[in-house]
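Before any comments, here is the structure.
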Amino acid sequence: MKIASVIVDVPAKQTDKPFDYLIPEDWTETMQPGMRVIVPFGPRKIQGFVTEIKDKSEFKQLKEIIAPMDLEPVLNKELLHLGEWLTETSLCFKIFAYQAMLPAALKAKYEKKVRLAPGKEVAVLPSSLQAIFADNKKLEWEEVLKSGLVPLLQREAAKGHLEVVYEVKERVKKKQVKVIRPLFPPAEIKAEMERLPANAEKQRQVLDYFIEHQDPVEQKQLLTIVQTSPSTVKALVEKGLLSEDEMEVYRDPFENRVFEHTAPLPLTKAQTAAISPILKAIEAKRHEVFLLYGVTGSGKTEIYLQAIQDVIDKGKEAIVLVPEISLTPQMVNRFKGRFGDLVAVMHSGLSAGEKYDEWRKIQRKEVKVVVGARSAIFAPFENIGIIIIDEEHETSYKQEDMPRYHARDVAIERAKVYSCPVVLGSATPSLESFARAQKKVYHLLTLSNRMNNKPLPPVEIIDMREELRAENRSMFSRKLFSKLKDRLEKKQQSVLLLNKRGHSSFVMCRDCGYVVNCPNCDISLTYHRAGNRMKCHYCGYESNIPNVCPECSSEYIRYFGTGTQKVEEELGKILPEARVIRMDVDTTGRKGSHEKLLKDFRDGKADILLGTQMIAKGLDFPNITLVGVLSADTMLHLPDFRSSEKTFQLLTQVSGRAGRHQLPGEVVIQTYTPEHYSIELAGMQNYDYFYQREMMMRKIHHYPPFYYLVLVTVTHEQLMKAVAETEKIVNYLRSQVSNQAVILGPAASPIPRINNRYRYQCLIKYKREPNLTNVLKKILDQYQKEARNGLQVSIDVNPFILM
DNA sequence: AGCACGCCGACT
DNA sequence: GTCGGCGTGCTC
């Protein structure tokens, strides 16, 4: 009998290796690596991934696979191999790597139930249990726990009267519809019709339909046409005249939308120059990474589209990654408009079922292009011709929990396998990528002008300290206020960006300065107007706002900070006639609301669009002539070496929103630190100079791209334990790395406590440490054993957020 | 992760 | 004496 190596769905160090199982005879032909299977594991049944099929095993007592969960592999050879790479580079469990590559719908659901043991009668049970298990009923384990029957049930189980069953369930069912078709040609159906009883009028009508139409028809449709009930059809099926089949249908999230077909646009000289090296790489089937550095509005998307067209013409496939927040209908339309049904779209707004259906379209090769957020990089194509990452610098391409991968790295890894180009596009490339382009590791392609040759809008930087000196305590500078008013009079639109990170509203006592903190985490609670409550963003803790200060009993306790809600309120006071649309996590939570708000704004239903980061991208409305940034420097002071870079990128991005069409635009940036280079240079829209400055800083402080980083975080319920263990790790690391590496720590994490666990960390900066991965693995190994003492160690290779 | 097994304290 | 607490090791 053949043997399968299976990675089981148990995320633990000890089980992070293949387990061998016998393949049942019936499946020897069909079982392939990459399929999901249900296997016995100890007393349970769990899901696993077959990674290999072999003839021999070191283990003698092999169990048999219970059942396959797929008819075809869900992971192809390349993805299985990519999973190993992902495990190695991000130091995660194999099972996490495989699960990350599949839609969540394919993750197993487990159920544990108690039922009567086979061959036993209810009569053997104590009378109190007989009703529960009558008629072969099963009792869910959650019910068991609630009922408090555990000891009694255990006794019965020990006697062999009851048994515990484990079940593995699929998360989604494929959506099916009933399809009816005739089993005979029209002539024979006519003959059969004669034989029907005289009163079977409806059945006759149904058959009439099939004399006219021989094609299968959806039952629902048939019933409306004939105006009858399912029983009529059923009767005919039972008579053997018709047959009913279940047919799988896809949930199509774009079902009711018509996409206007667009033809390729003629390229400008600059675009032609940029696309030709990409086309050459495609032609030569050569792996190469291009950095397409082009200002907003320089026509990067058209280059993507035409490169993809070329790939499709060669019978290959394309993956396009777009940051989650810019996966707007506008963006999707451009791809659907050009490639129609050949496009699958993957983003978090879809339901689990819809995501699964999009994934299946890819798997069955029914589409040629996938446009999606980070995880779309794992699209199960097998003949990739190009991978495009738009807004390459976006931090959302780095996944922050296991597996902690960066989509850019995965893209390059996959592109190597398929010998195809990767195109990274950005108006403000990440320093890492630009540095690689400078070193000729990446091929730099530049688009320096906007398509319409419109100049970038003028940017004015306002020093808010001056405003304070002039007794203006409002969050709007006099300049911004007058410009807002001016746009209102001219019936033009404005966009206001509130850089909310690190500036969320908190509840503070105005008398004693007491700030309401989360009882579980060392962080202030955030005020939410909905329900007038305070919430912790880290552990989910919620509470009401105290009427009086818990410290000093003052009544002057109220929320502070400049949340979007507060800006909206203030706008209402100073510009009561302005119609404002607010966009933030609170107003865009529901599916489709994001889209609706933007549509309202485009339709001119508001004068001012106020929002957080999410409005910085993709907005391209002709009537926007003013962009205001309320507080440019809020994220500048975050404990993050990328904060300057992020500030520069955000300001540059949002500036690009104004004056993209006929009407000229203007940008106003308010700040308390106008002299900071990232603000000053964003105002001048000078990426190249910013790059130089920031690279200098990174070099001095030993940060990427000059050094690689690894962040080790240790958490424990007791502060001292966390400190002591971090200290040990630091010492061990120091003994293992070369003297070129820098190790910082132990230091308290920027959020020193989350969910009642203290967090300490150490940061490793290094240039070349071939042995580091092994050292880190050893640390993880060691601490996995100690995890029972409540110690948790997590390692983030190339972290993006140092928290 | 779950679960069984095993070794100690506090109870019918 | 036993029920049940949790520390330890195993799952092909």
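Just so it is clear, the structure is predicted and the values come from calculations on it, not from any experiment. Just so it is clear: chains get the letters A, B, ... in the order the sequence lines come, proteins before strands, and each one is counted from 1.
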note = In whole angstroms, the gap separating C1' of C:dG9 from CZ of A:Phe41 amounts to 12 Å
ask   = Among the nucleotides B:dC3, C:dC12, B:dA1, which one has an atom lying closest to any side-chain atom of A:Phe59?
value = C:dC12
message = I need the CH2-P distance between A:Trp141 and B:dC3, as an integer number of Å.
response = 7 Å
remark   = Taken to the nearest whole Å, CD/A:Glu58 to P/C:dT11 is 14 Å
inquiry  = Given the ring of A:Phe96, does A:Lys94 sit roughly above its face, with NZ or CZ under 6.0 Å from the centre of the six-membered ring and within 45° of the axis?
reply    = no
query = Where the side chain of A:Asp20 is concerned, which of C:dC12, B:dC3, C:dT11 is the nearest nucleotide?
reply = C:dC12
query = Where the side chain of A:Lys112 is concerned, which of B:dA1, C:dC12, B:dC3 is the nearest nucleotide?
reply = B:dC3
Integer-rounded Å distance: C:dC12 C1' and A:Lys45 NZ = 17 Å
query = Using a cut-off of 4.0 Å on non-hydrogen atoms, how would the nucleic acid contact of A:Phe93 be classed: base, sugar-phosphate, or nothing?
reply = nothing
ask   = Can you say whether the rings of A:Phe378 and A:Tyr405 are parallel (under 30°), tilted (30 to 60°) or perpendicular (over 60°)?
value = perpendicular
task = Could you check how far CZ of A:Arg44 sits from C1' of C:dT11, rounded to whole Å?
result = 8 Å
Donor-acceptor under 3.5 Å (A:Gln47 side chain, A:Leu106 main chain) = yes
request  = To the nearest Å, give me how far apart CZ (A:Phe19) and C1' (B:dG2) are.
outcome  = 13 Å
ask   = How long is the line joining NZ of A:Lys63 and C1' of C:dC12, in whole Å?
value = 8 Å
query = Between A:Tyr110 and B:dG2, is there a side-chain N or O to OP1/OP2 distance below 4.0 Å?
reply = no
query = When the aromatic ring centroids of A:Tyr707 and A:Phe641 are compared, is their separation below 6.0 Å?
reply = no
key: Separation of atom CD1 in A:Ile95 from atom P in B:dG2, rounded to whole Å   = 13 Å
query = Atom CD of A:Glu358 and atom CD of A:Glu354: how far apart are they, to the nearest 0.5 Å?
reply = 8.0 Å
task = Looking only at side-chain atoms of A:Gln14, point me to the closest of C:dT11, C:dC12, B:dC3.
result = C:dT11
